[in-house]
Amino acid sequence: AIYDLQEVGSARFLVLELVEGETLAQRLAHGAIAHDEAIAFARQIAEALEAAHDQGVIHRDLKPSNIHVTPAGKIKVLDFGLAKAFDPAAMVSVNALSSPTISAQGTQLGLVLGTAAYMAPEQARGKTADKRADIWAFGVVLYEMLSGTRLFEGESVSDVLAAVLTREPDWKALPASSPPGLLRLLRRCLEREPRRRLHDIADSH
């Protein structure tokens, strides 16, 4: 939440909500998240994305470090700084050269690789991206919550992007107790071809 806009001299700043707790990335550093809790988190993430999409906004950089878990277990999706407004009747063209993965600001290796690992294939190729790019990232985050492992890794940005474009998820890394419906949802979210991917995040509930 943004509570106020202040100006002191030549400096302008926003007064933002203080969110207690830890990021989902910090939680995942300890391994997989229990099945029921992971589903509860995923439902809240999906609801946050649905609210954004209903307002014509795509996040474009959903990843565990941008998802905060409060002590009460409430999810806050943060950092809409890379978000883009879109016309539901049209698409938003996203140039890969202006993406967070290879921008001048993304010079720290961990930041660069972390962002690249959650980019949808169409983003990685510099093609047109819409809200289904967020659905892909949602699928990657859900996979990692359930498995406790990174879905796409590599020693360089190029390696990570190559994995996003070509490597099939290791479905055996998911708990054997995962409900078939949940696995179907993950497969739909992680379809590389946007036309075959889950079209609307509301359908994930």
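For the numbers below, each heavy atom of this structure counts, side chains included, while hydrogens, waters and symmetry mates do not. For clarity, every value in this text was computed on a predicted model and none was experimentally measured.
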- Side-chain heavy atoms of Val141 within contact of Ile67, under 4.5 Å: yes
- Query: Under 30°, 30 to 60°, or over 60°: which ring-plane class applies to Phe152 and Trp136, parallel, tilted or perpendicular?
  - Reply: parallel
- Query: In Å, rounded to the nearest 0.5 Å, how long is the span from CE of Met145 to CD of Glu37?
  - Reply: 9.5 Å
- Without swapping roles, check the side chain of His59 against the backbone of Asp79 for a donor-acceptor pair under 3.5 Å. yes
Could you go through residues 3-13 and list every donor-acceptor pair under 3.5 Å that involves a side-chain atom there, pairing it with any protein atom two or more places apart or in another chain?
{"residue": "Asp4", "atom": "OD2", "partner": "Gln6", "partner atom": "NE2", "Å": "2.3"}

- Message: Please determine whether the number of non-hydrogen atoms from other residues, nucleotides or ligands lying under 6.0 Å from atom CZ of Arg167 exceeds 12.
- Response: yes
- Message: Any side-chain to backbone donor/acceptor pair from Thr166 onto Ala162? Under 3.5 Å, distance only.
- Response: yes
- Under a 4.5 Å cut-off applied to non-hydrogen side-chain atoms, are Glu17 and Lys76 in contact? yes
- Query: Say you draw a straight line from NE2 of His35 to CG of Leu146; how long is it, rounded to the nearest 0.5 Å?
  - Reply: 6.5 Å
- Item | Closest non-hydrogen atom pair, Phe138 against Ala42 | CE1-O, 3.3 Å
- What's the verdict on side-chain contact (heavy atoms from CB on, under 4.5 Å) for Val57 and His53, showing C-alpha distance, side-chain angles and the deciding distance? CA-CA 5 Å; Val57 173; His53 293 171; over 6 Å; no
- Item | Check: Thr23 main-chain N/O paired with Gln26 side-chain donor or acceptor under 3.5 Å | yes
- Message: Pair Arg132, Asp134 - check salt bridge (charged side-chain N to carboxylate O under 4.0 Å, His left out), show working.
- Response: CA-CA 5 Å; Arg132 287 169 293 185; Asp134 283 349; over 6 Å; no
- For residues Gly154 and Asp159, report the shortest heavy-atom separation together with the two atoms involved. CA-CB, 3.8 Å
- Minimum side-chain heavy-atom gap Leu161-Met119 below 4.5 Å: yes
- Task: Please report the closest heavy-atom contact between Ala117 and Val164, naming both atoms and the distance.
- Result: O-CG2, 4.3 Å
- Report yes if the side chains of Glu191 and Arg187 come closer than 4.5 Å at any heavy-atom pair, otherwise no. no
- Task: For Thr149 and Ser147, test the side chains for any donor-to-acceptor distance below 3.5 angstrom and give the result as yes or no.
- Result: yes
- Task: Answer with yes or no whether the hydrophobic clustering places Leu183 together with Ile39; edges join I, L, V, M, F, W, Y residues whose side-chain heavy atoms lie under 4.5 Å apart.
- Result: yes
- Looking only at heavy atoms, what is the nearest atom pair of Leu190 and Gly139, with distance? CD2-C, 3.9 Å
- Task: Give a yes or no answer on whether the side chain of Tyr143 reaches the backbone of Asp170 with a donor-acceptor pair at less than 3.5 Å.
- Result: yes
- Item | Exam field: side chain Gln123 to backbone Ala120, donor-acceptor pair closer than 3.5 Å | yes
- Item | Residue list, salt bridge (Lys or Arg N to Asp or Glu O under 4.0 Å) with Arg192, at least two apart or on another chain | Glu168
- Item | Lys131 vs Asp200, side-chain contact (heavy atoms from CB on, under 4.5 Å): CA-CA, chis, key distance, verdict | CA-CA 8 Å; Lys131 61 185 179 180; Asp200 198 312; 3.5 Å; yes
- Task: List the steps, then state whether side-chain contact (heavy atoms from CB on, under 4.5 Å) holds for Leu186 with Trp171.
- Result: CA-CA 10 Å; Leu186 269 175; Trp171 301 111; 4.0 Å; yes
- Taking atom CD1 of Ile2 and atom CG of Leu16, what is their separation to the nearest 0.5 Å? 6.0 Å
- Query: Under the salt bridge (charged side-chain N to carboxylate O under 4.0 Å, His left out) criterion, do Arg197 and Glu122 qualify, and how do the steps go?
  - Reply: CA-CA 12 Å; Arg197 197 177 304 153; Glu122 59 270 26; 2.8 Å; yes
- Message: Regarding Lys63 and Thr115, do their side chains bring together a donor and an acceptor under 3.5 Å, going by distance alone?
- Response: yes
- Taking side chain as C-beta onward, heavy atoms only, is Pro194 less than 4.5 Å from Asp130? no
- Here the pair of heavy atoms bringing Ala38 nearest to Ile33 is N-CG2, 3.7 Å
- Task: Establish whether Leu78 and Leu49 are linked, either directly or via other cluster members, by ILVMFWY side-chain heavy-atom contacts under 4.5 Å.
- Result: no
- Between Ser65 and Ala25 the two heavy atoms that sit nearest each other are N-CB, 3.8 Å
- Give me the one residue out of Leu62, Asp203, Ile201 that meets side chain to side chain contact (heavy atoms under 4.5 Å, CB included) with Ile135. Ile201
- Task: Start with the C-alpha distance between Leu151 and Tyr118, add both sets of side-chain angles, then the distance that settles side-chain contact (heavy atoms from CB on, under 4.5 Å), and finish with yes or no.
- Result: CA-CA 9 Å; Leu151 180 50; Tyr118 300 91; over 6 Å; no
